[in-house]
There are 2 protein chains.
Amino acid sequence: MSEEFIRCEVNCVHEDAVREVRRVMLGEDVAASLAELFKALGDPTRVKILFALLTRELCVCDLAAVVGMSESAVSHQLRLLRAQKLVKFRREGKNVYYSLDDSHIEELFARGLEHVTE
Amino acid sequence: MSEEFIRCEVNCVHEDAVREVRRVMLGEDVAASLAELFKALGDPTRVKILFALLTRELCVCDLAAVVGMSESAVSHQLRLLRAQKLVKFRREGKNVYYSLDDSHIEELFARGLEHVTE
DNA sequence: AAAACATTTGATCATTTGTTCAGATATAAT
DNA sequence: ATTATATCTGAACAAATGATCAAATGTTTT
């Protein structure tokens, strides 16, 4: 064992602390998923899209106008947000309406804004 | 005005909806800051570092052992987290101890995990 | 069926990101 | 002072990202 403590010979690493933290550490997969989620929130365009959808359902064309970006660009971002199950959509005639698919976004934004504006 | 509605001639964009959403939309700078924050949380290594610090203060060497990455790599990431005011540090002898500098991280992780594990 | 419109998609390309490596700093111990 | 240890830094490079453009879908209208 202690394969991982080679680096700092014997007393650089506080073995007890490391062991304790390791015990409660997130699994590799969970950490990856969590990072994926935050990464999806980590772009100004997507932040604006999600924030807009916080107010109301909107079609791609509206979203493009709101965030000031091409429909193509918005569509690409929406695909990513869909993959992360952050938004859902419904088709109505020629338009596709997007809305939030996650009840936590408002809370996440609120906490994020608290941090940013202090 | 209506500079921005050229694209969809007259009735693709729901002008009223767009106007309403535009009114409450985040400023360019706030959206950027918020995105920066989430981007900082959007990497597995950084997620693990922050999660570890949720348990207790740790030195760089410990963190490296916990997340299974070189001290250099961890140090680079810590710099980024420092820039976002997510962690703070204190020097004690040869070691530098890092701890969380944001009370919202726990909440952000909790909400994030709820989304991921459902 | 053809034309018009909203949305999606794939390819491309410049930019950003995250790790590694080698070397610099800073503090402590001899 | 010299050596050892912990941390930081800059350069380099592969990989991921995000916008743009052209073209493909899918839907409605005529």
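So that the names make sense, note that chain A is the first sequence line, chain B the second, and so on, each numbered from 1.
Spacing between atom CE of M69(A) and atom P of dT7(C) amounts to 17 Å, rounded to whole angstrom units. Whole-Å rounding puts the E71(A) CD to dC5(C) C1' distance at 10 Å. F89(B) has its CZ atom 11 Å from the C1' atom of dC8(D), to the nearest Å. We find that OH of Y97(B) is positioned 13 Å from C1' of dT7(D), with the value rounded to whole Å. Atom-to-atom, CZ of R90(A) to P of dT8(C) comes out at 14 Å; the value is rounded to the nearest Å. What separates CG of L78(A) from P of dT8(C) is a distance of 7 Å, to the nearest Å. As a whole-Å value, the separation of Q84(B) CD from dT17(C) P is 11 Å. To the nearest angstrom, P of dC8(D) lies 12 Å from CG of L81(B).
In this model, the phosphate group of dT17(D) is approached by a side-chain N or O of K39(A) to a distance below 4.0 Å at OP1 or OP2. Within the structure, every side-chain polar atom (N or O) of N95(B) is placed at least 4.0 Å from both OP1 and OP2 of dT5(D). OP1 and OP2 of dT17(C) both lie 4.0 Å or more from every side-chain N or O belonging to Q77(B). Side-chain nitrogen and oxygen atoms of R79(B) include none within less than 4.0 Å of the OP1 or OP2 phosphate oxygen of dT7(D).
In this structure, L100(B) CG and L53(B) CG are separated by 5.0 Å, a value rounded to the nearest 0.5 Å. Rounded to the nearest 0.5 angstrom, H76(A) NE2 and T45(A) OG1 are separated by 12.5 Å. With rounding to the nearest 0.5 angstrom, the CG atom of L80(A) is 8.5 Å from the CG atom of L86(A).
Residues passing the salt bridge (charged side-chain N to carboxylate O under 4.0 Å, His left out) test with R82(B), sequence neighbours excluded: none. In this structure R90(A) satisfies the salt bridge (charged side-chain N to carboxylate O under 4.0 Å, His left out) test together with E57(A), E92(A), sequence neighbours excluded. Scanning for ring pair (Phe, Tyr, Trp, His ring centres under 6.0 Å) contacts around Y97(B) gives H14(A), with sequence neighbours left out. In this structure, E106(B) has no salt bridge (charged side-chain N to carboxylate O under 4.0 Å, His left out) partners at least two apart in sequence or on a different chain. Take R56(B) and apply the salt bridge (charged side-chain N to carboxylate O under 4.0 Å, His left out) test, not counting sequence neighbours, and it matches E20(A). Applying the side-chain contact (heavy atoms from CB on, under 4.5 Å) test to S75(B) and every residue at least two apart in sequence or in another chain returns nothing. Remark: K94(B) pairs with no residue by the side-chain contact (heavy atoms from CB on, under 4.5 Å) rule, at least two apart or across chains.
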Throw together a table of side-chain donor-acceptor distances under 3.5 angstrom for residues 109-118 of chain A, partners on residues two or more places apart or in other chains.
from    : atom 1 : to      : atom 2 : distance (Å)
R111(A) : NE     : E107(A) : OE2    : 3.3
R111(A) : NH1    : E114(A) : OE2    : 2.7
R111(A) : NH2    : E107(A) : OE2    : 2.8
E114(A) : OE1    : H104(B) : ND1    : 3.3
E114(A) : OE1    : H104(B) : NE2    : 3.4
H115(A) : ND1    : D102(B) : OD2    : 2.0
H115(A) : NE2    : Q84(B)  : O      : 2.9
T117(A) : OG1    : L113(A) : O      : 2.7

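Within the 4.0 angstrom heavy-atom criterion, only backbone atoms of the sugar-phosphate kind lie near Y98(B); the bases stay farther away.
Rotation axes derived from the C1' atoms of the five outermost pairs at either end of the helix from dA1(C)-dT30(D) to dT30(C)-dA1(D) lie 20° apart, to the nearest 10°.
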Is there any protein nitrogen or oxygen under 3.5 Å from a nitrogen or oxygen in nucleotides 21-30 of chain D, and what are the pairs?
from    : atom 1 : to     : atom 2 : distance (Å)
dC21(D) : N4     : S72(A) : OG     : 2.7

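DNA chain C is contacted by T45(B), R46(B) of residues 44-53 of chain B, taking any non-hydrogen atom closer than 4.0 Å.
Sorted by first and then second residue, the salt bridge (Lys or Arg N to Asp or Glu O under 4.0 Å) pairs with a member in residues 37-46 of chain A read E36(A)-K39(A); sequence neighbours excluded.
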